[in-house]
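Working notes, structure below.
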Protein chains: 2
Amino acid sequence: MNWGEQLREHDIRITPQRQLVIETVERLHHSTSEEILAEVNKSFQGVNLSTIYRALEVLEDAGLVAHTHLGHGAPSYYIVDDSEHIHLVCNVCGQSECIGEGVANELRVQVHSQHGFDVDMGHLSIHGTCRSCTELAQFLEPAQIAAAR
Amino acid sequence: MNWGEQLREHDIRITPQRQLVIETVERLHHSTSEEILAEVNKSFQGVNLSTIYRALEVLEDAGLVAHTHLGHGAPSYYIVDDSEHIHLVCNVCGQSECIGEGVANELRVQVHSQHGFDVDMGHLSIHGTCRSCTELAQFLEPAQIAAAR
DNA sequence: TTCTAATTGAGATGTGTTCGCAGATGCGAG
DNA sequence: CTCGCATCTGCGAACACATCTCAATTAGAA
């Protein structure tokens, strides 16, 4: 099923702006609303930021895109496809990496059986310290690492 | 070691404002910056919101408090003590519950061995759908559940 | 083609957080 | 005890991100 049908199923009109947003989110893989706006405006200037937000909202309702919070700032939007993934976000350098959802299956099962809670894996961001920052921490203070990145 | 020594160790001055913030965060268990301000101002009016933020920042650096993102809005601050915990946040009703960190131990070990990534458990918020919202979803639309809470 | 409800652009508004600066204060040295 | 000064605070402005209002436009059913 393509995204056009998927939108019509949710009684969501198909507009050029929404098409642009979907294509852009797909192309950029992970992007903030501002980044999406900038990219969309490269081909069609005049598209408004509120339109981007509204498009992202309906597309998220329709299950076509999802978002997760990487840094402290704006959330990152990405296309929902067959390969769900989890984000590891480093608190020191701010970099993030995607990993398969396999490592959290045990967690998902336990949380569901013990608490009846259904985990949304796509939204899961794991914060901590990445390998290289852990190694650097032997020599530098966190602030110096953050400054050097 | 009490918090006074812990602050001095980090070359952080002890002030009434910081003492108030620590005590308030401890008392409220989970609270936003605005809630802390309101609570602090009950006993001492005139304390400024930026002071709260700055206090929370240094206290976090010193490892006395930590924060996690529960809803979409302001982060929640809490005292770091011996009992680390994880937050389950329901995307439908917005409620959150604390659970022991045990369920994520497997995850922590795997993420570390496979990716060299050191997970910050206190900051881990797991989003998804709670038990009661899963049950309600048989009868109601998500929007109706959110409205009814 | 016509009609209407959904959608859009533009800008105002809201919420949460940080900044810059002048004055106040904790606290170590004397 | 009191002095000196780096740090801290209050205040207001600025900032980042998100949402809302409203008139004009438009997708898509009839």
Side-chain angles (χ1 to χ4, degrees), chain A residues 3-22 24-25 30-38 40-41 43-62 64-77 94 143 146, chain B residues 3-22 24-25 30-41 43-62 64-65 67-77 94 143 146:
Chain A
W3 59 262
E5 297 171 41
Q6 222 160 326
L7 287 187
R8 251 174 260 124
E9 253 193 14
H10 287 260
D11 289 320
I12 295 171
R13 284 192 188 165
I14 296 168
T15 69
Q17 289 88 339
R18 285 171 180 170
Q19 181 169 346
L20 278 166
V21 170
I22 294 181
T24 305
V25 172
H30 284 85
S31 45
T32 66
S33 43
E34 296 281 355
E35 288 167 350
I36 295 166
L37 177 70
V40 164
N41 275 345
S43 27
F44 296 88
Q45 31 128 307
V47 178
N48 197 273
L49 183 57
S50 14
T51 304
I52 305 287
Y53 277 110
R54 286 183 287 222
L56 288 170
E57 191 186 344
V58 297
L59 294 175
E60 212 161 352
D61 284 348
L64 282 164
V65 309
H67 79 270
T68 191
H69 299 268
L70 297 185
H72 289 120
S76 265
Y77 292 86
Chain B
W3 57 262
E5 298 171 38
Q6 221 161 328
L7 287 187
R8 252 175 260 125
E9 251 193 15
H10 287 260
D11 288 322
I12 294 170
R13 282 193 188 163
I14 294 168
T15 68
Q17 290 88 338
R18 286 172 179 168
Q19 182 169 345
L20 278 166
V21 169
I22 294 181
T24 305
V25 171
H30 284 85
S31 45
T32 65
S33 42
E34 295 282 355
E35 288 166 351
I36 295 167
L37 176 70
E39 189 68 17
V40 165
N41 275 344
S43 27
F44 295 88
Q45 31 128 309
V47 177
N48 198 272
L49 183 56
S50 10
T51 303
I52 305 288
Y53 277 110
R54 286 183 289 220
L56 288 170
E57 193 187 345
V58 298
L59 295 175
E60 213 163 351
D61 284 348
L64 281 165
V65 309
H67 79 270
T68 191
H69 299 268
L70 295 185
H72 288 120
S76 265
Y77 292 85

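Every chain is numbered from 1, with letters handed out A, B, ... down the list of sequences.
Under 4.0 angstrom from either OP1 or OP2 of dC17(D) there lies no side-chain N or O belonging to Thr32(A). For the pair Gln17(B) and dG10(D), the criterion of a side-chain N or O lying under 4.0 Å from OP1 or OP2 is met.
Put simply, CG on Leu20(B) is 16 Å from P on dC8(D), counting in whole angstrom units. Between Ile52(B) atom CD1 and dG16(C) atom P there is a gap of 15 Å when expressed in whole angstrom units. Atom CG of Leu70(A) is separated from atom P of dA16(D) by 19 Å (rounded to the nearest Å). Whole-Å rounding puts the Asn48(B) CG to dG12(D) C1' distance at 9 Å. Distance Gln45(B) CD to dC11(D) C1': 15 Å, rounded to the nearest Å. Whole-Å rounding puts the Glu60(B) CD to dT17(C) C1' distance at 14 Å. In this structure, Leu7(A) atom CG and dA27(D) atom C1' are separated by 13 Å, rounded to whole Å. The separation between Gln19(B) atom CD and dT9(D) atom P is 12 Å, rounded to whole Å.
The shortest non-hydrogen separation linking His30(A) to Ser76(A) is CB-OG, 4.2 Å. The heavy-atom pair separating Leu37(B) from Asn48(B) by the smallest distance is CD1-C, 4.0 Å. Here the shortest heavy-atom pairing between Tyr77(B) and Ile36(B) reads CB-CD1, 4.4 Å. Taking all atoms of both residues into account, the shortest heavy-atom contact from Arg18(A) to Leu59(A) is O-CD1, 4.4 Å. Looking at every heavy atom in both residues, Tyr53(A) comes nearest to Ser33(A) through OH-OG, 2.9 Å.
Here Glu57(A) contributes atom CD and Ile52(A) contributes atom CD1; the two are 13.5 Å apart, rounded to the nearest 0.5 Å.
Gly73(B) comes within 4.0 angstrom of nothing in the nucleic acid, heavy atoms only. Residue contacts shown for Glu34(B) are absent, as no nucleic acid heavy atom lies under 4.0 Å away.
Within the 4.5 Å cutoff, no side-chain heavy atoms of Val58(B) are placed close to those of Leu7(B).
Both Ala55(A) and Tyr77(B) lie close to DNA chain C; mapped to their nearest nucleotides by heavy-atom distance, the more 5′-ward contact belongs to Ala55(A).
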Where protein sits on nucleotides 18-30 of chain C, one letter per nucleotide: B base, S sugar-phosphate only, - none, heavy atoms under 4.0 Å: BBB----BBS---
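Picking from dT7(C), dT17(C), dG9(C) the nucleotide with the shortest atom distance to the side chain of Arg18(A) gives dT7(C).
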